[in-house]
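Below is one structure, written out as structure tokens; comments come after it.
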Amino acid sequence: MEPEDSRAHAVEHDDRADGRDETPNERADRNWEELLQELRVMQTGTQILTGFLLAVAFTPRFEDMDEFQRDVYVGLVALAALATILALAPVGMHRALFGRRRKPELVRVAARIVKIDLVAIAALTIGVTTLIIDFTVDRAAGLIALVSSLVVVVLLWVLLPRLVKREAERRRGVDRG
């Protein structure tokens, strides 16, 4: 390989520490596909929660909710709408940017939107759980459900990924050393 060819190869390929031999565009395509998979899962869960919330208003027991429960319910409906809009935003952005060679930027922005949507979905899930327990049992049980759900979300969505990352970094250090 001549020196000029090796420079072209270095520019064309993005050899990163993860060992993948892909160009920046190939990486953006792969990351976009992974984001779409995440969005599909998130959107399904959000649609189920939204459908549940919308159906609740048309049940006879809806009138049995106290003012606090109705306020929480309205807040959860708004949060469900926000989570749905956030889950659809990357798809709308993709449509607006399609064919303009902006995929790396799209992936960066969409990844941020997905993180925000995860927070909205976590709040929605915790809120729905709290409302159901509050309504079916009592306020104290609802508060216990709120705290318990929050702890589970923080453990699984915040602490566990950090532990996995730390362990992977530790193993890489041991492998090198």
Side-chain angles (χ1 to χ4, degrees), residues 28-98 102-170:
D29 287 341
R30 180 179 50 80
N31 287 339
W32 176 249
E33 288 300 321
E34 290 180 17
L35 278 169
L36 284 180
Q37 283 301 105
E38 292 174 11
L39 286 166
R40 286 181 186 111
V41 171
M42 293 165 56
Q43 191 172 17
T44 300
T46 302
Q47 287 173 334
I48 291 168
L49 287 173
T50 302
F52 163 77
L53 286 169
L54 295 176
V56 165
F58 299 100
T59 63
R61 293 210 52 209
F62 184 76
E63 296 298 320
D64 295 340
M65 284 186 173
D66 63 30
E67 185 178 352
F68 171 77
Q69 291 165 338
R70 272 199 203 91
D71 291 345
V72 169
Y73 171 82
V74 170
L76 290 172
V77 169
L79 193 55
L82 175 64
T84 300
I85 291 166
L86 286 168
L88 294 173
V91 177
M93 287 177 48
H94 179 266
R95 185 58 20 221
L97 297 173
F98 186 76
R102 310 293 341 146
K103 185 133 339 146
E105 294 87 350
L106 172 64
V107 168
R108 273 193 299 282
V109 172
R112 289 183 187 122
I113 291 171
V114 166
K115 287 178 184 178
I116 294 167
D117 197 23
L118 279 171
V119 172
I121 291 170
L124 178 62
T125 304
I126 292 167
V128 167
T129 303
T130 301
L131 179 62
I132 291 169
I133 301 300
D134 184 274
F135 182 75
T136 58
V137 181
D138 62 22
R139 186 76 21 98
L143 290 173
I144 291 169
L146 174 99
V147 171
S148 300
S149 298
L150 182 60
V151 167
V152 169
V153 166
V154 168
L155 285 173
L156 293 177
W157 292 11
V158 178
L159 296 179
L160 183 59
R162 286 183 181 173
L163 288 172
V164 169
K165 181 181 176 186
R166 185 179 305 144
E167 179 64 17
E169 289 170 351
R170 186 188 68 75

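Closest heavy-atom contact between Ile132 and Phe52: CD1-CZ, 3.6 Å. The two residues Ala122 and Trp157 come nearest to each other via the heavy atoms CB-CZ3, 3.3 Å. Across Leu39 and Ala87, no two heavy atoms sit closer than the pair CD2-O, 3.6 Å. Residue Leu54 comes nearest to Tyr73 through the heavy atom pair CA-OH, 4.0 Å, listed as atom of the first residue, atom of the second, then distance. Nearest heavy-atom pair, Ala28 versus Val107, reported as atom, atom and distance to 0.1 Å: O-CG2, 3.4 Å. Listed here is the closest heavy atom pair of Thr46 and Ala83: CG2-CB, 3.8 Å.
A distance of 10.0 Å separates CG in Leu76 from OG1 in Thr125, rounded to the nearest 0.5 Å. Considering CG of Asp117 and NZ of Lys115, their distance stands at 13.5 Å, rounded to 0.5 Å. With rounding to the nearest 0.5 Å, the separation of OG1 in Thr129 from CG in Leu124 is 9.0 Å. How far CG of Leu86 is from CD of Gln43: 11.5 Å, rounded to the nearest 0.5 Å. Between atom CG of residue Leu163 and atom CG of residue Leu155 there is a gap of 9.5 Å, rounded to the nearest 0.5 Å. Here the straight-line distance linking atom CG of Asp134 with atom CD1 of Ile144 works out to 11.5 Å at 0.5 Å rounding.
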(request) Evaluate the side chain to side chain contact (heavy atoms under 4.5 Å, CB included) criterion for residues Met65 and Val72: first the C-alpha distance (whole Å), next the side-chain angles of each, then the deciding distance (0.1 Å), finally the verdict. (result) CA-CA 10 Å; Met65 284 186 173; Val72 169; over 6 Å; no
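Salt-bridge annotation for Arg170 and Glu167: present, with a side-chain N of the basic residue lying under 4.0 Å from a carboxylate O of the acidic one.
Looking at Leu36 and His94, their side chains never come closer than 4.5 Å, going by heavy atoms from C-beta outward. When side chains are defined from C-beta on, Pro90 does not count as touching Leu35, because their heavy atoms never get closer than 4.5 Å. No side-chain heavy atom of Val74 sits under 4.5 Å from any side-chain heavy atom of Arg70. Residues Gln47 and Thr84 are not in side-chain contact: their nearest non-hydrogen atoms beyond the backbone lie 4.5 Å or more apart.
Here the side chain of Gln69 pairs a donor or acceptor atom with the backbone of Asp66 at under 3.5 angstrom.
Not counting sequence neighbours, the partners of Asp29 by the salt bridge (charged side-chain N to carboxylate O under 4.0 Å, His left out) test are Lys103.
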